[in-house]
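Heads up: the structure comes next, in structure tokens.
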Amino acid sequence: MSATSDLIAYKDETIAGLEKALEAAVHALRSYEHDNASTELAQAIANHGETTLARAKERQEKAHDPGTDLRAPFGI
């Protein structure tokens with residue numbers, strides 16, 4: 001793989017993680033719209049969102065570091 005294709009794959013994984021977190025948040029908000037008042041759901045979704053955003057930020061910082069091996073898994 002070239003550095004360019006590694007970077008594209010790296011960004012695609014980050015985007016996929018953010019999409020998954022946003023989808024979970026949308027589902028939670030829709031459940032609240034239908035009178036679900038689960039504090040556990042709110043906490044779980046908030047935790048998932050915070051973790052995903054932190055990983056995305058870490059990935060972005062590492063992607064700009066020339067010493068980073070973009071093929072190394074970070075997991076989202």
Side-chain angles (χ1 to χ4, degrees):
M1 279 190 158
S2 70
T4 302
S5 62
D6 285 346
L7 182 57
I8 291 170
Y10 194 73
K11 287 184 176 185
D12 285 349
E13 286 183 41
T14 300
I15 291 168
L18 291 170
E19 287 173 340
K20 185 176 178 181
L22 179 58
E23 183 178 9
V26 167
H27 288 294
L29 290 171
R30 290 292 177 209
S31 75
Y32 297 144
E33 181 180 21
H34 298 286
D35 296 324
N36 176 4
S38 171
T39 57
E40 293 86 7
L41 177 61
Q43 183 179 18
I45 296 300
N47 290 345
H48 180 66
E50 286 176 339
T51 300
T52 302
L53 288 171
R55 287 180 178 169
K57 183 177 179 180
E58 178 184 344
R59 283 175 169 262
Q60 183 178 17
E61 290 168 357
K62 289 181 184 263
H64 289 92
D65 178 359
T68 298
D69 179 2
L70 296 177
R71 294 166 295 185
F74 288 91
I76 279 193

Pairs flagged by salt bridge (charged side-chain N to carboxylate O under 4.0 Å, His left out) wherever residues 38-49 is involved - sequence neighbours left out: none
Any chance you could measure L18, atom CG, to R55, atom CZ, to the nearest 0.5 Å? 11.5 Å
Just to verify, what does E33 make a salt bridge (Lys or Arg N to Asp or Glu O under 4.0 Å) with, not counting sequence neighbours? R30
Please list, chain by chain and in numerical order, all residues satisfying side chain to side chain contact (heavy atoms under 4.5 Å, CB included) with N47, sequence neighbours excluded. Q43, E50
Mind checking what makes side chain to side chain donor-acceptor pair (under 3.5 Å) contact with S31, not counting sequence neighbours? N36
Nearest non-hydrogen partners of G49 and A21, listed with the distance: CA-CB, 4.4 Å
Among Ile, Leu, Val, Met, Phe, Trp and Tyr joined by side-chain contacts under 4.5 Å, find the other residues sharing a cluster with I45 and list them by chain and number. L29, Y32, L41
